[in-house]
Amino acid sequence: MKKSPASKSKLSIGPLLFNWSADKVRDFYYKIADEAPVDYVYVGEVVCSKRAYGKDYLPDVIERLEKAGKTVIISGLSLIMDDRDAKMDKDNTELAADYLIEANDLSTIGLLSGKDHAIGPFVNIYNEAALNYFEAKGAKRISLPHELSAHSLKALSKAAVSSELEVQVFGRLPLAISARCYHARANNLNKSGCQYVCDRDADGLTVDTTDGVPFLVINGLQTMSYTYCNLMAELKDLTAMGINNFRLSPHDVDMVKISNLYRQCLDGKITASEATFVLEDDVFNAEFSNGFYHGKPGLEQVDI
Amino acid sequence: MNKKPELVCPAGTPAALRIAVIAGADAVYLGLCDQTNARNFPGLNFSEEELAQGVDFAHERGVKVLLAVNTYAKAGDNKPWIKAIDIAARLKIDAVILADVGLLDYAHRTYPDLRLHLSVQAAASNAASINFYAKEFNVRRVVLPRVLSVDEIKAINEKIKVETEVLAFGGMCPMAEGHCSMSSYVTGQSPNKDGICSPPSHVTYEQLGTRLATKLAGLTINNFEEHEQVGYPTLCKGRFMANNRTGYLFESPTSLNIMTILPELIDAGVSAFKIEGRQRSKAYIKAVVENFRKAVDAAAEGRKLIIPMDHLYEGGEDTVGAYKKDWS
């Protein structure tokens, strides 16, 4: 029987970008393993190597996810500056025989060159030549940068030869990374004595303009969008252009329910507007945006 | 190593190029009039003809010319970027400054003799990344992102064979370059895609009683009392609220100035110092280049020369940024 195009589509849970406690992380992934209709789950620390200290939940989490039939991908750091960062990343790449490793820095791609690997949205792939270059190095899954418009996504999808392309369709968007820890700075601390204050804000610390308009959140070294990207209404277009992998970035909300909504929408069981209505009404109250996709400022919501 | 370090100076216009050359630059860097370079501002940059004249002027005086093609080529339309690299090869530019892997690959394969520098926009922040670019594309120099401390730079230089260049004076970008889409989040235009950050076309001012608010795409970035110097509303240099406190959460309006640590950076193996500011006035370029010429010459002889430049700082302040660990 011929499959409908949407049924080829795969959902993934992106790497957890926030600094949750070990217990909270474990519970989160166990619930995803048991209940979420997703195909891939990315694990690993992307933002700050300091956060990994003393946390040993990864083997348990991976085992549980794999038992549940999920494919686990291990994501690497997005900014590698010192020996601690480099070691953490190198340790990841040593697991490449067993897992797909997602590189978020060129140094990681260098270590994985010639082996099958994934590339995350922090590697700048803006055009066909860059895409084909990385494919030739062994990239099999590429999660594209967040600021690309539909025009660029379409051109890249057309050019992809040997990789599956992925686009983030849910969650706050990472906008910048720095050596400076803004979470520490907002608490009168600096990075070296940060006291891990980024663990206080499960979805990031809101940044308001002086007249009280929220527009960013900070997450340790990372700065993110205040709005939650929601490309539910664009899923149809994305699949039509040949993109079949969709990333849901984890937040401290019911990600199982959110995964179900995206799955149902992809399978044509509910419409995008129904799914978004439930998302807004039932799951949580957030400001959504899809501006980047439509070639507009990222914070805008374009109704289609 | 320990060659005399090179002073790399901005040339936003043909006039600025001549001033920088005469003021003592070892090399000038510049861009074409389009989105192929990271200072795509109206009224700046070079036509192909101006570039050819600029190359002649500089080369006659023993000064190198570096062409910045340091934005990311657009999917479906990479022609302007390819054309810029072709022009560089044709005009005997001394090096092209690139960030995009697709363009590095093209330049390396098409013009094996064209010297390639890796732009700060690629944010190669560790030795393994730099070695990757060197091996894959024969990149000869890497402009380091403004996220590294002097010790980290030294450690990197011990593990690489290519030259390193650091930002020495001017704009103080607190984010890893080439990995920031804050500007496009708010305005739709970004350094990576469009060669522009916090574009002037989106800036407005609003007088609120005694305070002047500066806005970008309608968002209040800062506001100033009458006695305060009004700064440009660059997104990451605004006053914002978080944790019930208001302040310069990311970075204050300040200029990078590494003159006080030039000898340490030379000792850390740095080969070239870059002055930022293709958008700056001719008077600014003249003053900064002349001062840094003296300071770099002194540092190369092991002397520390510090020339006051308070009047040239954004917001009247300076910082050595991430080069000192306590910044982070």
Side-chain angles (χ1 to χ4, degrees), chain A residues 78-83 85-86 105-107 109-111 122 124-131 133-134 145-148 151-152 155-156 159 173 175-182 185-187 190-192 205-213 215-216 218 223 225 291-292 295-299, chain B residues 72-76 78 99-103 105-106 122-129 131-133 135 146-148 152 155 174-176 178-182 184-188 190 192-193 213 217 219-223 236 238-243 245-246 249-251 322 325-328:
Chain A
S78 57
L79 180 63
I80 297 173
M81 294 177 287
D82 59 15
D83 289 346
D85 301 339
D105 186 82
L106 263 281
S107 62
I109 294 173
L111 293 168
F122 303 98
N124 285 332
I125 298 180
Y126 278 75
N127 52 62
E128 299 90 332
L131 176 78
Y133 173 86
F134 287 117
H146 306 117
E147 71 169 2
L148 293 178
H151 174 274
S152 289
L156 289 170
L173 297 171
L175 299 176
I177 185 91
S178 174
R180 179 175 257 184
C181 180
Y182 300 117
R185 194 167 150 85
N187 285 279
N190 65 13
K191 187 185 169 194
S192 59
L205 173 63
T206 301
V207 178
D208 290 338
T209 64
T210 49
D211 41 8
V213 179
F215 79 118
L216 298 170
I218 52 182
T223 303
S225 65
F292 280 138
K296 306 250 193 241
L299 53 70
Chain B
Y72 290 81
K74 190 177 179 186
N78 67 350
D100 180 351
V101 161
L103 297 178
D105 192 38
Y106 170 79
S125 58
N126 56 74
S129 284
N131 287 331
F132 180 89
Y133 286 106
K135 178 170 156 272
R146 278 163 278 195
V147 297
L148 299 167
E152 285 163 356
M175 307 300 186
H179 292 280
C180 182
S181 43
M182 277 168 65
S184 54
Y185 180 65
V186 171
T187 72
S190 75
N192 282 1
K193 292 188 291 122
L219 285 171
T220 301
I221 305 302
N222 210 337
N223 50 78
C236 56
R239 259 186 280 220
F240 303 120
M241 298 193 293
N243 255 358
R245 289 171 50 209
T246 301
L249 180 62
F250 301 106
E251 181 57 284
K325 200 75 197 168
D326 58 4
W327 176 84
S328 61

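Letters A, B, ... are given to chains in the order of the sequence lines, protein chains preceding strands, and every chain is numbered from 1.
Closest non-hydrogen pair, A179(A) versus S328(B), comes out as O-CB, 3.2 Å. Closest approach of E147(A) to S181(B), counting heavy atoms only: OE1-CB, 3.4 Å. Taking both residues in full, the closest heavy atoms of R185(A) and R245(B) are given as O-NH1, 3.8 Å, listed atom of the first, atom of the second, then distance. Considering all non-hydrogen atoms of both residues, D82(A) and E152(B) come closest at CB-OE2, 3.8 Å. Across all their heavy atoms, L205(A) and A242(B) have their closest contact at CD2-CB, 4.2 Å. Residues A176(A) and M182(B) share a closest heavy-atom pair of CB-SD, 4.1 Å.
Of the listed residues I221(B), L148(B), N222(B), D100(B), the one with more heavy-atom pairs under 4.5 angstrom with chain A than any other is D100(B). Comparing V213(A), D211(A), L156(A) by how many heavy-atom pairs each has under 4.5 Å with chain B, the most go to D211(A). Chosen from S152(A), S78(A), G291(A), P145(A), the residue pairing most often with chain B at heavy-atom distances under 4.5 Å is S152(A). Ranking A73(B), G238(B), A123(B) against chain A, the residue ahead of the rest is A73(B), based on heavy-atom pairs under 4.5 Å. Each of A127(B), S190(B), A322(B) has some count of heavy-atom pairs under 4.5 Å with chain A, and the biggest count is that of S190(B). Of the residues considered (T223(A), T206(A), D83(A)), T223(A) shows the highest number of contacts with chain B, using heavy-atom pairs under 4.5 Å. Comparing R239(B), E251(B), M241(B) by heavy-atom pairs within less than 4.5 Å of chain A, the highest count is held by M241(B). Among I218(A), I177(A), I109(A), the residue with the largest count of heavy-atom pairs under 4.5 Å with chain B is I177(A). Of the listed residues N190(A), L148(A), I80(A), the one with more heavy-atom pairs under 4.5 angstrom with chain B than any other is I80(A). Of all the listed residues (N78(B), N192(B), N131(B)), the one sharing the greatest number of non-hydrogen pairs under 4.5 Å with chain A is N192(B).
Contact of the F250(B) side chain with the S178(A) side chain is not registered, since no non-hydrogen atoms from C-beta on lie closer than 4.5 Å.
F240(B) CZ to T210(A) OG1: the interatomic distance, rounded to the nearest 0.5 Å, is 8.5 Å. With rounding to the nearest 0.5 Å, the separation of CZ in R180(A) from CG in D326(B) is 9.5 Å. We find the SG-CG distance between C236(B) and L216(A) to be 10.5 Å, quoted to the nearest 0.5 Å. Put simply, CG on D208(A) and CG on L219(B) are 11.0 Å apart, with the number rounded to the nearest 0.5 Å. The structure places OH of Y126(A) at 13.0 Å from CG of L103(B), a figure rounded to the nearest 0.5 Å.
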Run the side-chain hydrogen bond (donor to acceptor under 3.5 Å, both in side chains) test on N243(B) and N187(A) for me, step by step, so that the C-alpha distance in whole Å, both residues' side-chain angles and the decisive distance to 0.1 Å come before the verdict.
CA-CA 8 Å; N243(B) 255 358; N187(A) 285 279; 3.0 Å; yes
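Residues passing the side-chain hydrogen bond (donor to acceptor under 3.5 Å, both in side chains) test with D105(A) are S107(A), N126(B), S129(B), sequence neighbours excluded. A search for ring pair (Phe, Tyr, Trp, His ring centres under 6.0 Å) contacts involving Y106(B) returns nothing, not counting sequence neighbours.
Of the atoms belonging to L249(B), heavy atoms from both backbone and side chain fall under 4.5 Å from chain A. At a 4.5 Å heavy-atom cutoff, the contact between T220(B) and chain A is made by backbone and side-chain atoms alike. Heavy-atom distances place the side chain of H151(A), and not its backbone, under 4.5 Å from chain B. Only the side chain of F292(A) comes within less than 4.5 Å of a heavy atom of chain B; its backbone N, CA, C and O stay farther away. The contact between Y185(B) and chain A is made by backbone and side chain atoms together, counting heavy-atom distances below 4.5 Å. Contact annotation for N223(B): only side-chain heavy atoms (C-beta onward) come within less than 4.5 Å of a heavy atom of chain A. With a threshold of 4.5 angstrom between heavy atoms, F215(A) approaches chain B through its backbone and through its side chain. Contact of A186(A) with chain B is made through backbone and side chain together, with heavy-atom distances under 4.5 Å. Proximity to chain A involves both the backbone and the side chain of A176(B), based on heavy atoms less than 4.5 angstrom apart. For K193(B), the parts lying near chain A are the backbone and the side chain together; criterion is any non-hydrogen pair under 4.5 Å.
Side-chain contact, Y72(B) with N124(A): a donor N or O sits under 3.5 Å from an acceptor N or O.
Surrounding NZ of K296(A) are at most 12 heavy atoms belonging to other residues, nucleotides or ligands under 6.0 Å away.
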